[in-house]
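What follows is one structure encoded as C-alpha cells, with my remarks underneath.
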Protein chains: 2
Amino acid sequence: MKKITIGEASRQSGVKVPTIRYYESIGLLAEPSRSEGNQRAYEQADLRRLAFIRHARELGFEVDAIRTLLTLQDDPHQSCASADAIAKARLVEVEQRIRSLLALKAELETMVEGCGHGRVDHCRVIEVLADHGQCAHTHH
Amino acid sequence: MKKITIGEASRQSGVKVPTIRYYESIGLLAEPSRSEGNQRAYEQADLRRLAFIRHARELGFEVDAIRTLLTLQDDPHQSCASADAIAKARLVEVEQRIRSLLALKAELETMVEGCGHGRVDHCRVIEVLADHGQCAHTHH
DNA sequence: TCTTGCACCTCTAGTCGCTAGAGGATGTAG
DNA sequence: CTACATCCTCTAGCGACTAGAGGTGCAAGA
C-alpha cells in the first residue's frame with residue numbers, strides 16, 4: 001500500500017488540491033494519515049471517496065446531500081430510500097431549472113434578434129429589460 | 001411628486017428591502033434623497049431602474065453586466081453594440097447550461113429508475129455516483 | 001397625549017463552495 | 001548543496017445576497 005500525496009490524489013480525482021483540503025475541513029473527507037514531514041498520505045479508498053464526491057458535485061448535489069449519500073454508502077445495510085429521495089429531489093430541481101432556462105433563452109433570443117445594431121434609444125435589448133411588459137414569456 | 005418609502009419601492013418592484021439597500025451600497029442604484037427622519041425617499045425613476053435591475057437579474061445577468069447596461073441606458077446616443085454583445089454572451093451561457101442540465105437530467109433519471117428501493121448495497125443511485133464509468137452520458 | 005407596534009436606520013457577520021495569497025517547511029533531482 | 005516543485009497552515013476574498021442586533025421614526029388607536 002504505497003501512499004498517495006495530495007497532488008497525486010488531485011491529479012487522479014480531478015479535484016483541486018485546495019478543494020481536497022477544503023473537503024477535509026468540512027468533514028466530507030476523513031483526515032488522512034500523515035508522512036514523517038506532516039504531509040497528507042492518502043489511500044485508494046480515499047481516492048474512491050473523492051471520485052464519488054466529485055461526481056456528485058458535478059451532478060449538482062449540495063455538500064449536505066453528499067454527506068448523507070456518503071453515510072449511506074458507508075452502511076450498505078441501510079435502505080436506499082433516502083438516496084432515492086435525494087436523487088429525485090435533485091431531478092425535480094434540474095427539470096425546473098431547465099424549464100426556466102428555456103424561457104430565458106427564448107426571451108434572450110427575442111432581444112438579440114430585435115436589436116438593429118443602431119443607437120441605444122432604439123435598442124430592443126435595453127427596451128425589453130426596462131419594460132417587463134414587453135417580455136413575451138411568463139417565466140417568472 | 002410624492003415620495004416613496006423603501007418598503008413601498010420593495011412592494012412595487014418585487015426587490016426585497018435589504019437587497020435594495022445592497023444595490024445602493026454597490027452603486028447599482030443612486031443614493032436617494034432622505035426624509036426629515038433620514039429615511040430613503042424614492043421617485044418613479046428609481047422604481048424604473050429597480051425594475052430594470054430585477055428583470056436583468058432574473059435573466060441571469062451579473063451585476064457587472066447590469067452596471068454596463070444601465071450606463072448604456074443612461075446615454076441613449078451610444079451604440080447598442082455593447083448591450084447586444086452582453087445579451088449574446090448571456091445567450092451562449094444559457095444554451096450551454098441547458099445542454100449540460102439535459103445531460104444531468106438523463107443521468108439522474110437513469111439513477112432513479114434503476115433504484116429498486118432495496119438496500120444501499122444494490123442501490124443504483126449510490127453505485128452510479130461511486131463509479132463514473134457507469135455514467136452513460138458524457139456531460140463532463 | 002401617550003403608547004403600541006410596525007417600518008425604518010446602520011452595522012456586522014453569515015451563507016455556499018470554493019479560490020487566492022502569504023509565509024514557511026519538506027521532498028526530490030541534478 | 002542548491003534549486004525548485006510541492007507541501008503545510010492560516011486568513012481573506014469572491015458573488016449576491018440574507019440574517020440579526022440594537023436603535024430611531026412615524027402613524028393610528030385608547
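All heavy atoms count here, side chains included; hydrogens, waters and symmetry mates do not. Residue numbering restarts at 1 for every chain, and letters A, B, ... go by the order of the sequence lines.
- Side-chain atoms of A:Val125 and A:Leu108, non-hydrogen and from C-beta on, never get closer than 4.5 Å to each other.
- A search for salt bridge (charged side-chain N to carboxylate O under 4.0 Å, His left out) contacts involving B:Asp74 returns B:Arg49, not counting sequence neighbours.
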Anything under 3.5 Å between a donor and an acceptor, one on a side chain of residues 80-91 of chain B, the other on a protein residue two or more places apart or in another chain? List them.
residue : atom : partner  : partner atom : Å
B:Asp84 : OD2  : A:His117 : ND1          : 3.4
B:Asp84 : OD2  : B:Lys88  : NZ           : 3.1
B:Arg90 : NE   : B:Leu59  : O            : 2.8
B:Arg90 : NE   : B:Gly60  : O            : 3.4
B:Arg90 : NH1  : B:Glu93  : OE1          : 2.7
B:Arg90 : NH2  : B:Leu59  : O            : 3.3

Which pairs of donor and acceptor atoms, one on a side chain in residues 21-29 of chain A, lie under 3.5 Å apart (sequence neighbours left out)?
residue : atom : partner : partner atom : Å
A:Glu24 : OE1  : A:Arg40 : NE           : 2.8
A:Ser25 : OG   : A:Tyr22 : O            : 2.7

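- Side-chain atoms of B:Asp46 come within 3.5 Å of backbone atoms of B:Glu43 as a donor-acceptor pair (strictly under, hydrogens ignored).
- Heavy-atom contacts of chain A under 4.0 Å fall on DNA chain D between two terminal nucleotides, which in 5' to 3' order are D:dC7 to D:dT9.
- Taking the nucleotide of DNA chain C with the nearest heavy atom to each of B:Ile6 and A:Phe61, the more 5' of the two is matched to B:Ile6.
- No side-chain donor-acceptor contact under 3.5 Å links A:Ser13 to the backbone of A:Leu47.
- Hydrophobic clustering keeps B:Ile66 apart from A:Val112 (ILVMFWY residues linked when any side-chain heavy atoms are closer than 4.5 Å, directly or through intermediates).
- Residue B:Arg40 has a polar side-chain atom (N or O) positioned under 4.0 Å from OP1 or OP2 of C:dC9.
- Surrounding CD of A:Glu8 are more than 12 heavy atoms belonging to other residues, nucleotides or ligands, all under 6.0 Å away.
- No donor-acceptor pair under 3.5 Å is formed between the side chain of B:His55 and the backbone N or O of A:Ala130.
- Within residues 9-25 of chain B, the residues that have a heavy atom under 4.0 Å from DNA chain C are, in order of number, B:Arg21.
- Atom CD1 in A:Ile26 sits roughly 13 Å away from atom P in C:dT15 (whole-Å rounding).
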Could you check A:Glu107 against B:Glu58 for side-chain contact (heavy atoms from CB on, under 4.5 Å), going step by step and ending with a plain yes or no? CA-CA 11 Å; A:Glu107 191 172 351; B:Glu58 278 172 347; over 6 Å; no
Would you list the protein and nucleotides 24-27 of chain C atom pairs, both N or O, that sit under 3.5 Å from each other?
residue : atom : partner : partner atom : Å
C:dG27  : OP1  : A:Gly37 : N            : 3.2

Salt bridge (Lys or Arg N to Asp or Glu O under 4.0 Å), that's the test. Do B:Glu95 and B:Arg99 meet it? Break it down for me. CA-CA 6 Å; B:Glu95 281 166 349; B:Arg99 270 195 301 279; 5.3 Å; no
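- For the OP1/OP2 pair of C:dG17 and a distance below 4.0 Å, the side-chain nitrogens and oxygens of A:Arg67 include no atom meeting the criterion.
- Remark: P of C:dC16 and CD1 of A:Ile66 are 13 Å apart, rounded to the nearest angstrom.
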